[in-house]
Amino acid sequence: MDPMQREKALSAARQAAQAAAEVITHYWHHGIEVEIKEDGTPVTVADREAEKVIGHILRDALPEASIYGEEFGLHGARDGLMWLVDPLDGTKSFMRRSPFFSTQIALMDAGELVLGVSSAPLYGETMWACANGGAWFEDDQIQVAQTSDIAQASISIGNVKTLAGNAHWATLGALIRDANRTRGYGDFCHYHLLARGSLDLVLESDVTILDVAALAVIVREAGGVLTELDGQALTLESCSVLAGTPAIHAEVLRRLACARAG
């Protein structure tokens with residue numbers, strides 16, 4: 001993508017996130033009925049209507065790009081330009097009247113994540129980033145912390161059900177023991193905190209690419225590192241995350257590798 005095309009795409013993604021926020025906020029105040037999808041996860045009319053609104057805006061701005069959405073699947077090719085959309089990431093929080101949900105919009109160009117917008121309307125935060133353009137929270141550019149010592153690190157643990165059943169569980173226990181403090185902010189929230197320097201590590205073993213694609217761009221452009229738990233770059237099939245300051249990410253990745261080898 002050339003710079004003008006990328007700027008147009010970023011503007012559209014931010015506009016789409018704002019439009020989705022209006023839909024979601026409406027249903028937050030007026031109530032919704034919950035359905036259970038075939039995979040056992042919940043969905044609401046807010047999820048579906050928000051994705052429709054997002055899709056209209058993104059298609060108008062970048063008609064050559066395909067769209068892969070949480071509710072309506074993939075429309076278009078998997079190569080080239082592809083929008084990745086989770087209109088309401090955190091539906092379970094939304095259902096239980098907790099403000100920890102967000103809209104996630106990312107753009108992938110030939111397999112590389114190049115743009116991300118993360119909007120949490122009830123929480124009152126929007127972050128965005130473009131490749132080589134830095135990460136932004138409202139009008140302020142943000143950076144991860146400089147923390148390099150596990151003993152000084154603040155870590156946050158998200159979904160770790162899969163990790164709880166494998167060899168990494170003991171590694172996580174040692175990490176909790178060695179870290180300065182441990183929290184479980186979850187969803188978008190701990191990635192936002194990481195990107196603006198309030199956390200040093202996020203670890204999850206049960207996510208989808210739609211949950212974290214936009215956040216990956218934001219963390220990376222804020223100076224952090226975000227990979228799968230084995231250190232591999234994110235793909236459309238990714239289901240785990242290790243994100244942190246460069247030094248803390250490297251140390252935890254080393255510990256996880258030792259656990260696999262042992």
Side-chain angles (χ1 to χ4, degrees), residues 1-22 50-70 74-87 89 102-121 125-146 188 191-197 209-228 232-236 238 241 243-246 249:
M1 298 177 69
D2 61 53
M4 289 187 63
Q5 189 180 31
R6 187 169 295 180
E7 187 62 33
K8 183 178 180 181
L10 176 60
S11 177
R14 292 181 63 187
Q15 180 185 350
Q18 179 57 43
E22 293 173 6
E51 187 166 318
K52 288 178 182 178
V53 167
I54 291 168
H56 288 316
I57 294 171
L58 299 184
R59 276 189 288 271
D60 285 346
L62 207 63
E64 64 270 36
S66 57
I67 299 180
Y68 175 28
E70 171 74 16
L74 175 64
H75 293 269
R78 286 170 62 96
D79 55 358
L81 291 170
M82 183 193 311
W83 291 106
L84 305 178
V85 177
D86 193 336
D89 180 45
S102 64
T103 295
Q104 299 292 319
I105 302 173
L107 183 62
M108 184 175 273
D109 186 359
E112 179 185 358
L113 290 166
V114 297
L115 180 157
V117 175
S118 174
S119 168
E125 288 194 6
T126 300
M127 290 186 178
W128 67 90
C130 275
N132 303 313
W136 298 82
F137 172 29
E138 306 304 343
D139 295 323
D140 297 322
Q141 190 167 3
I142 53 176
Q143 289 286 325
V144 299
Q146 300 299 308
F188 75 91
Y191 297 100
H192 280 206
L193 291 169
L194 172 63
R196 66 171 186 250
I209 187 61
L210 299 180
D211 298 329
V212 296
L215 296 159
V217 183
I218 292 166
V219 169
R220 181 190 71 201
E221 291 300 314
V225 181
L226 190 151
T227 65
E228 296 182 359
Q232 297 298 308
L234 295 187
T235 69
L236 292 178
S238 291
V241 168
T245 69
H249 179 279

Tell me the closest heavy-atom pair linking Gln104 and Ser102, and the distance in Å.
NE2-OG, 2.9 Å
Nearest 0.5 Å please: distance from the CZ atom of Arg196 over to the CE atom of Met127.
5.0 Å
For Glu221 and Ile142, run side chain to side chain contact (heavy atoms under 4.5 Å, CB included): C-alpha distance rounded to whole Å, both residues' side-chain angles, the deciding distance at 0.1 Å, then the answer.
CA-CA 9 Å; Glu221 291 300 314; Ile142 53 176; over 6 Å; no
Note: Val144 and Val219 closest approach over all heavy atoms is CG1-O, 4.3 Å
Quick one: closest heavy-atom pair of Thr227 and Gln232, and the distance?
CB-O, 3.3 Å
Taking everything shown except Gln5 itself, do over 12 heavy atoms lie less than 6.0 Å from its CD?
yes
Enter the distance from Ile54:CD1 to His56:NE2 here, rounded to the nearest 0.5 Å.
11.0 Å
Quick one: CD1 on Ile67 to CD on Glu51, what's the gap to the nearest 0.5 Å?
8.5 Å
Is there a side-chain contact between Ser118 and Ile218 (heavy atoms, below 4.5 Å)?
yes
Please answer whether the main-chain N or O of Leu113 pairs with a side-chain N or O of Arg220 as donor and acceptor at a distance below 3.5 Å.
yes
Does any non-hydrogen side-chain atom of Trp83 lie less than 4.5 Å from one of Leu115?
yes
Can you name the nearest heavy-atom pair linking Ala145 to Thr245, along with the distance?
O-CG2, 3.4 Å
Taking all atoms of both residues into account, what is the closest heavy-atom pair of Ala61 and Ala12, and its distance?
CB-CB, 3.3 Å
Euclidean distance, His192 NE2 relative to Thr126 OG1, rounded to 0.5 Å
7.5 Å
Does Thr235 reach the side chain of Glu228, with side-chain heavy atoms less than 4.5 Å apart?
yes
Would you mind reporting whether Leu226 and Val241 have side-chain heavy atoms less than 4.5 Å apart?
yes
How long is the gap from CG on Leu210 to CG on Asp89, to the nearest 0.5 Å?
9.0 Å
Between Ala9 and Leu62, what is the shortest heavy-atom contact and its length?
CB-CD2, 4.4 Å
Side chain to side chain contact (heavy atoms under 4.5 Å, CB included) between Arg14 and Val117, intermediate numbers included:
CA-CA 6 Å; Arg14 292 181 63 187; Val117 175; 3.9 Å; yes
Leu84 vs Leu236, side chain to side chain contact (heavy atoms under 4.5 Å, CB included): CA-CA, chis, key distance, verdict
CA-CA 9 Å; Leu84 305 178; Leu236 292 178; 3.9 Å; yes
Any sub-3.5 Å donor-acceptor pair from Ser66's side-chain atoms to Leu81's backbone N or O?
yes
Hey, does the side chain of Thr103 reach the backbone of Pro87 with a donor-acceptor pair shorter than 3.5 angstrom?
yes
